[in-house]
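In what follows, a single structure is set out as structure tokens and then discussed.
The analysis underlying the following values was restricted to heavy atoms, covering all of them including side chains, and did not include hydrogens, waters or symmetry mates.
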Amino acid sequence: MSSPIDDQISHYPNEAKEYLNKLRAMIHKVAHDRSLGKVEESLKWQEPSLTVPSGSPIRMDWKLKTPNHCYLFFHCQTKLVDTFRELYADELEFQATEPLYFL
């Protein structure tokens, strides 16, 4: 049985599907490795959303208007974007306050 996230991602181009599934697996691995609890998956605003019990949701998506990019979205009142900017400034481009990934 597929999840709502699987159903949503299934409509995307193959490169975007592959990339978003890698991000999804990475989020699950980090949560497991750091004992953060079970990752809950859902759709928020028709975007895949992943969260752990004591954490802030992370949304990810691909947009038709920008087909060569995948996005990660974080709650604006957390320090997650600042942390990602500090750790991954050479690997990510930031658009406003969201990290932007190139396919």
Side-chain angles (χ1 to χ4, degrees):
M1 181 173 170
S2 64
S3 73
I5 288 180
D6 292 326
D7 293 341
Q8 182 71 20
I9 291 174
S10 73
H11 301 291
Y12 298 160
N14 287 335
E15 285 184 80
K17 279 191 260 192
E18 183 178 315
Y19 199 81
L20 290 171
N21 280 318
K22 284 181 185 177
L23 288 174
R24 184 181 181 190
M26 186 185 308
I27 291 167
H28 279 272
K29 182 177 181 346
V30 168
H32 177 267
D33 291 351
R34 296 184 182 258
S35 301
L36 299 176
K38 182 180 181 215
V39 176
E40 296 292 330
E41 296 188 343
S42 63
L43 290 180
K44 302 226 189 240
W45 301 284
Q46 295 305 308
E47 297 170 341
S49 177
L50 298 97
T51 189
V52 293
S54 62
S56 179
I58 298 174
R59 291 185 350 264
M60 59 184 187
D61 207 10
W62 170 86
K63 305 290 184 187
L64 183 59
K65 291 182 180 182
T66 53
N68 295 323
H69 302 92
C70 287
Y71 297 88
L72 287 176
F73 303 99
F74 304 100
H75 191 283
C76 62
Q77 294 179 348
T78 69
K79 296 185 189 253
L80 289 171
V81 173
D82 293 335
T83 301
F84 272 73
R85 186 174 281 137
E86 182 179 322
L87 296 173
Y88 302 107
D90 295 336
E91 299 169 44
L92 302 176
E93 179 179 315
F94 291 81
Q95 179 181 31
T97 57
E98 290 99 21
L100 171 69
Y101 287 90
F102 294 95
L103 294 178

Under a 4.5 Å cut-off applied to non-hydrogen side-chain atoms, are [X] and [Y] in contact?
| X | Y | result |
| --- | --- | --- |
| Ser56 | Phe74 | no |
| Met60 | Tyr71 | no |
| His28 | Leu50 | yes |
| Thr51 | Val39 | no |

All side chain to side chain contact (heavy atoms under 4.5 Å, CB included) counterparts of [X], not counting sequence neighbours:
| X | result |
| --- | --- |
| Glu18 | Lys22 |
| Pro4 | Leu43 |
| Leu36 | Ala31, Arg34, Val52 |

Hey, what do you get for [atom1] ([X]) to [atom2] ([Y]), rounding to the nearest 0.5 Å?
| X | Y | atom1 | atom2 | result |
| --- | --- | --- | --- | --- |
| Ile9 | Cys70 | CD1 | SG | 9.0 Å |
| Glu15 | Leu20 | CD | CG | 11.5 Å |
| Glu47 | Phe73 | CD | CZ | 5.0 Å |

Handout entry: Check: Glu40 side chain, Pro53 main-chain N or O, donor-acceptor pair, under 3.5 Å
Key =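 The answer is no, because no donor-acceptor pair under 3.5 Å joins these two groups.
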
Handout entry: Check: Tyr12 main-chain N/O paired with Trp62 side-chain donor or acceptor under 3.5 Å
Key =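 It does not hold such a pair.
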
Exercise for the section: Give a yes or no on this: more than 12 heavy atoms of other residues, nucleotides or ligands lie within 6.0 Å of atom NZ of Lys63. Expected result: yes

Handout entry: Salt bridge present between Asp6 and Arg24 (N-O < 4.0 angstrom)
Key =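 Salt bridge present between Asp6 and Arg24.
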
Handout entry: Asp61 bridged to Arg59 by N-O distance under 4.0 Å
Key =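 No.
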
Exercise for the section: Look at the side-chain heavy atoms of Ile, Leu, Val, Met, Phe, Trp and Tyr, link any pair under 4.5 Å apart, and say whether Leu72 and Leu64 land in one connected group. Expected result: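 Yes, Leu72 connects to Leu64 through the hydrophobic network.
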
